[in-house]
Amino acid sequence: MNAIIDEFPQPADLYYLNHAAVAPWPARTARAVERFAKENITSGARDYSQWLETERRLRERLARLLNAPSRADIALVKNTSEALSFVAFGLDWREGDQIIISSEEFPSNRIVWEALRPRGVEVVQVNLHDGAAESALLAACTPRTRLMAISAVQYASGLRLDLERLGIGCEQRGVLLCVDAIQQLGAVGMDVQSSRCAFAMADGHKWLLSPEGLGVFYCRQDLREQLTLHEYGWHMLEHAGDYDRDDWQPARSARRFECGSPNMLGAMALEASLSLLEEVGMRQVEDALHERVQWLLDGLQGLSGVQLLSVKEREKRAGIVTFALAGWENRALHERLKTAQIICAQRGGGIRLSPHFYTPPRVIEETLRLLRAVASQ
Ligand SMILES: Cc1ncc(COP(=O)(O)O)c(C=O)c1O
């Protein structure tokens, strides 16, 4: 445990509960970035082949994290929104096609589909609040439905969906399942094969504990060539680096979605962050996170005036707890928490708290202590 505490040397008077927004880096990630900077100062890209080794390891780690069949299924992208756009503007839509989304998606996983309206594509929003989210989503499918685009974990309510159930249901209906995994990957285990994902995407800066600017795009192998490409360059070619060649074709692997020079700095960081998650093990990460979320839930439920806006059941949540407090405007409460160095977010009509597996007990104790004081004012 000490080794983990050393990875997150946050000041004793800072209470970080905002991993669902932008997470702190582990110390090893900062060291990887420092090492890379020093290397670039002294020897530039002399050892580029070693950088490619790190990049290869990163793809392997991401493939393991998603349980993708191979690292060839993994593309390194700028962010979740870019990967969603690759799918939205890659599939061959027909007039009248339908896309199912939920009514509480983060804007990235809504507007990208609504942007297809000029092509005659209809976006159907399904309300998830009736307690049977998966049934409601599947029941909304019609013979015209081509794709279901859903966040594995909703960014505001924290609702985690049963992806396996959705995936099997989509498969039976001939619907492609596209999963925005940014609020799940790194918090709770994920398996693109058992959940029959056609596509899955996530960014590194939340539960994966890495900087912004580098994310992952999983594209099922048989669908890779069905996505029309809209970005071209040297790096996405089958024979990348063979600059004298006139003929070309996009890489058979998911590298076809990576048009030019990679975000090598981001790769150094994300590889280091994932090495920590892999060392700890996703099962342990998940259990430790659930324990902390449960502690917050129990503490909040004991306070008068608290309205819980997120889910209580373990199998339906990941790392997000959202609540409102009677007599307090969310903005004022958020300010009050911020003044006390409790870092969290205002989302979904309440205050969103998001610990991670390493969150020290003092962070939860202090947050609940302050909320108790505020609630009894
Ligand atoms: C569910 C969800 N999807 C997408 C995003 C944005 O992702 P990106 O910035 O990687 O495009 C967020 C960010 O909060 C999110 O919560």
Partners meeting ring-ring contact (aromatic ring centres under 6.0 Å, His included) with Tyr155 (sequence neighbours left out): Phe106
Name of the residue among Arg220, Arg64, Arg224 meeting salt bridge (charged side-chain N to carboxylate O under 4.0 Å, His left out) with Asp73: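 Among Arg220, Arg64, Arg224, the one that satisfies the salt bridge (charged side-chain N to carboxylate O under 4.0 Å, His left out) with Asp73 is Arg224.
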Candidate list Arg94, Arg144, Arg117, test salt bridge (charged side-chain N to carboxylate O under 4.0 Å, His left out), partner Glu122, passing option: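 With Glu122 as partner, salt bridge (charged side-chain N to carboxylate O under 4.0 Å, His left out) holds for just one option, Arg144.
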Pairs meeting criterion salt bridge (Lys or Arg N to Asp or Glu O under 4.0 Å) with involvement of residues 300-329, two or more places apart: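 Qualifying pairs: Asp287-Arg314.
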Pair listing, salt bridge (Lys or Arg N to Asp or Glu O under 4.0 Å) test, anchored in residues 343-365, at least two apart: none
Ring geometry between Phe86 and Phe217 (parallel below 30°, tilted from 30 to 60°, perpendicular above 60°): tilted
Short N-O contact, Lys78 and Glu212, less than 4.0 angstrom: no
Under-4.0 Å salt bridge between Glu39 and Arg46: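 The answer is no: the pair does not qualify as a salt bridge.
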Polar contact flag, side-chain donor to acceptor under 3.5 angstrom, Gln183-Ser151: no
Ring centroid separation Phe8 to Trp25 under 6.0 Å: no
Test side chain to side chain contact (heavy atoms under 4.5 Å, CB included) applied to Phe199 and Leu177, step by step: CA-CA 7 Å; Phe199 313 104; Leu177 178 63; over 6 Å; no
Axial cation check for Trp328 ring with Arg336, 6.0 Å and 45° limits: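 That pair does not qualify as a cation-pi contact.
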